[in-house]
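Structure, as structure tokens:
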2 protein chains.
Amino acid sequence: MRHVAALAGVGVKTVSRVINGEPNVSAATIAKVEAAARTLDYQPDLHAGNLRRADGRTRTLGLLVGSVDNPFSGAVHRAVEDAALARGVSVFASSLDDDPAREQEAVSAFLRRRVDGLILTTITESQAYLAPELRRGTPVVFVDREPAGITSDAVVSDNADGAALATRHLLEHGHRRIAYLGDRHGIQTARERHRGYLDELGRAGVSTRDQHVVEGLHDEATSQAATLALFDAPSPPTAIFSSQNLVTIGVIRALRELGRQHDTALVGFDDVPLGDLLDPGVTVVAQNPQQIGRTAAERIFARLDGDTAPAARSIVPTRLIVRGSGEITPRTEG
Amino acid sequence: MRHVAALAGVGVKTVSRVINGEPNVSAATIAKVEAAARTLDYQPDLHAGNLRRADGRTRTLGLLVGSVDNPFSGAVHRAVEDAALARGVSVFASSLDDDPAREQEAVSAFLRRRVDGLILTTITESQAYLAPELRRGTPVVFVDREPAGITSDAVVSDNADGAALATRHLLEHGHRRIAYLGDRHGIQTARERHRGYLDELGRAGVSTRDQHVVEGLHDEATSQAATLALFDAPSPPTAIFSSQNLVTIGVIRALRELGRQHDTALVGFDDVPLGDLLDPGVTVVAQNPQQIGRTAAERIFARLDGDTAPAARSIVPTRLIVRGSGEITPRTEG
DNA sequence: CCTATCGATGACATCGTTGTCAAGGCGACA
DNA sequence: TGTCGCCTTGACAACGATGTCATCGATAGG
């Protein structure tokens, strides 16, 4: 900026005024400064300005998602980006990988860079460590998983309800042996989905004790292996509820391997890419990652704009997408 | 930092020393400062430090990809993130959407935030506007598409070669009417892939004039419509080469709709999620987005570490994945 | 016992920008 | 013509950190 001022033959403050479009600068001066800025390819330093600027905003957001190469996370990210772009805000994006240490590092990296707000998917047992930051006024919105040990805005799918919907769908097609495959109980969404599954079985008066429940699955390989094991054991299920997209894919692979994809029903939680093109099509309870991302960004910006309403949980509805795999009826021999 | 210094009863410079692990601070002082920092939940301001710090590094990278919710982009992003994380560098990620204005805005947003390096996918006709920044020493690595109007590092797939590979595969299965479906010619990768396709036809002595070539496709819907139109026209192709993942998906949908997925061969450029689970499996020339991202990040860090070798283009090999759709032989009636 | 040396510490300038404030110039109006 | 007020402009401090340098005290060596 000093160089621009020197070249234009004006003071630095006048350059600042021109760059920021402040009023009360003569047209001739504006022209001189703009010419100088162009000549030097000047880009103002947002962070230096921030140091002194009244609002102290970096126009930057920190986003932590499951993994930036997961389709669900990618869709959330994209929605956040679009909302942010409209306000001239840039987005730091990081992957959680369900690693508590990675969460802490990412949050710390965001805070050291003074982001205006945090949109977080978490895996730590408690996010109480964020309390001081919240008190300082940094808005935090939790996405996908609800916070623990702290109160702040959250935007989540209706996990229990969606899981119940999936389970009910299978029950209505006559299934009574419905396996549950999901991630470990320590993960809030997995817990909720498992609860929804159990609740629905209970409501239908179906014993929950005889069901196969496999937890701790979070990638295709383990899920595929678990599914194969299921059919090696006595009284295999006639239907499977898989509670996450990668788990669903693992189940599909296993059923193919066993040649049972047409006689074992499957409903997945969270949509699967090209799920409609598979044979059978994959029936899922789809989340709405776009809406989750958009809503989260809107919450952040509302907070930044001064909204002081109590922390709220936004629940984004899930939707059953019928494509074939969930409508298979139980094997009679079974 | 002032508050920490006051609470610990030391000077700010001493706090700075403790935070940065500089030598020559007594153990007692370190303990006092760390206690004060913990009490106040102090997070150093990376950008303020940067203003004065000798190296002037923000430990931040700008990444511009096609779209953060595209699987290819997501994989690139993830690889960049992992490489960056190992060096304590955070990543700004933005989507290009093949919009030149969006490119300029994203780059400008990155530069105003003083990123240490840029990893860019571009759509502008020339990236000469980056020359001043390059001269200032900011490393720029182009990914996926090569730069125009400027010389800098690039990491790309071997597009022409991969397209030729796909085309050859179809030729070897007896096809002589091979349609090309791709994006507009203005896009460097599309141009290269089209060239590889034409070259391979030429090498095989197959007329390139009689082939259906549809350009300007970049999403599922337009690609699907274009494919349907192809089969409405005289002498439809017996095989299709689709030059991008979303285009491939559109083609698959159209072939399904026509019931021709088993009698029309298809090879796609860039892998398709669950391509192995479809019927028929989708034969593709797969790129290696992980390696592209990793290599790009490595180039950036090498430049930051002082590598002054001339700008180089890294070519990441493609790989033919045979899954069924590409091995269909021509219809005899056709 | 005096001095050279070194470790520990803080005062101060500085990075690039913006908020505050004062000053100069000019036109309008009495 | 004098005064007032507005428009335009720049000097200066400040933001939160780090680089430089001086100071102080302790320790070691002669």
Side-chain angles (χ1 to χ4, degrees), chain A residues 1-34 36-37 40-60 88 108-109 111-116 133 136-138, chain B residues 1-34 36-37 40-60 88 108-109 111-116 133 136-138:
Chain A
M1 181 171 265
R2 283 226 301 257
H3 301 114
V4 177
L7 180 59
V10 301
V12 285
K13 179 66 221 202
T14 300
V15 175
S16 169
R17 272 190 270 259
V18 173
I19 298 292
N20 292 74
E22 287 173 36
N24 299 334
V25 184
S26 76
T29 306
I30 291 180
K32 271 192 303 182
V33 170
E34 285 180 345
L40 298 176
D41 189 51
Y42 170 72
Q43 294 272 4
D45 184 325
L46 205 57
H47 293 116
N50 235 85
L51 225 43
R52 192 62 167 81
R53 206 190 333 269
D55 65 5
R57 297 276 165 82
T58 53
R59 306 187 82 68
T60 295
S108 184
L111 294 180
R112 280 196 298 266
R113 288 173 177 81
R114 296 292 187 265
V115 297
D116 294 336
E133 195 60 32
R136 255 176 238 129
T138 306
Chain B
M1 181 169 264
R2 284 226 301 256
H3 301 115
V4 176
L7 181 59
V10 301
V12 286
K13 179 64 217 199
T14 299
V15 175
S16 168
R17 272 190 271 258
V18 173
I19 298 293
N20 293 76
E22 289 174 34
N24 298 334
V25 184
S26 75
T29 306
I30 292 180
K32 271 193 303 183
V33 170
E34 285 180 344
L40 298 176
D41 190 51
Y42 170 73
Q43 295 272 4
D45 184 325
L46 205 56
H47 294 116
N50 240 85
L51 225 42
R52 190 64 167 81
R53 208 190 330 270
D55 67 3
R57 298 277 165 81
T58 53
R59 305 186 83 69
T60 294
S108 185
L111 294 180
R112 280 196 298 265
R113 289 173 177 79
R114 296 294 187 266
V115 297
D116 295 335
E133 195 60 33
R136 257 176 236 128
T138 306

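Here is how names work: the chains are called A, B, and so on, in the same order as the sequence lines, proteins then strands, and each is numbered from 1. Being a predicted model, the structure only gives us computed values, none of them experimental.
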Euclidean distance, atom [atom1] of residue [X] to atom [atom2] of [N] [Å, nearest integer]:
X        : N      : atom1 : atom2 : result
B:Arg2   : C:dG10 : CZ    : P     : 16 Å
B:Arg113 : C:dG16 : CZ    : C1'   : 16 Å
B:His47  : C:dT14 : NE2   : P     : 24 Å
B:Asn50  : C:dG16 : CG    : P     : 11 Å
B:Arg112 : C:dT17 : CZ    : P     : 12 Å
B:Glu22  : C:dG7  : CD    : C1'   : 14 Å
B:His3   : D:dC15 : NE2   : C1'   : 12 Å
A:Leu46  : D:dC15 : CG    : P     : 19 Å

[X] side chain: which of [options] is closest?
X       : options                : answer
B:Ser16 : C:dT18, D:dT18, D:dT9  : D:dT18
A:Ala54 : C:dT17, D:dT18, C:dG19 : C:dG19
A:Thr14 : D:dT9, C:dG16, D:dT18  : D:dT9
A:Arg53 : D:dT18, C:dG7, C:dT18  : C:dT18
A:Lys13 : C:dG16, D:dG16, C:dG19 : C:dG19

### Query
Closer than 4.0 Å, any side-chain N/O of A:Ser26 to the OP1 or OP2 of D:dT9?
yes
Select base, sugar-phosphate, or nothing to describe what [X] touches, counting heavy atoms under 4.0 Å on all strands.
X       : result
A:Pro44 : sugar-phosphate
B:Asn20 : sugar-phosphate
B:Val15 : nothing

### Query
Are B:Asp41 and A:Arg136 ion-paired here, with the side-chain N under 4.0 Å from a carboxylate O?
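Salt bridge present between B:Asp41 and A:Arg136.
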### Message
Return whichever of B:Asn24 or A:Gly49 has its heavy-atom-nearest nucleotide of DNA chain C closer to the 5' end.
### Response
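The residue whose closest nucleotide sits nearer the 5' end is B:Asn24.
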### Message
Between B:Thr29 and B:Arg52, which residue's closest nucleotide on DNA chain C lies nearer the 5′ terminus?
### Response
B:Thr29
### Task
State whether the side chain of A:Thr60 and the backbone N or O of A:Val115 hold a donor-acceptor pair below 3.5 Å, judged by distance alone.
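Judged by distance alone, no pair lies under 3.5 Å.
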### Task
Take B:Leu51 and A:Val25, find for each the nucleotide of DNA chain D with the closest heavy atom, and name the residue whose nucleotide sits nearer the 5' end.
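This one resolves to A:Val25.
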### Query
Can a donor-acceptor pair under 3.5 Å be found between the side-chain atoms of B:Arg17 and the base atoms of C:dG10?
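Between C:dG10 and B:Arg17, which were checked side chain against base, a qualifying N/O pair under 3.5 Å is present.
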#### Entry: B:Asp116-B:Thr58 side chain donor-acceptor pair, cut-off 3.5 Å
yes
### Task
Would you indicate whether the side-chain heavy atoms of A:Arg57 and A:Arg114 approach each other to under 4.5 Å?
no
#### Entry: Gap separating the NE2 atom of A:His47 from the CZ atom of A:Arg59, nearest 0.5 angstrom
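Answer for the NE2-CZ pair, A:His47 versus A:Arg59, is 12.0 Å.
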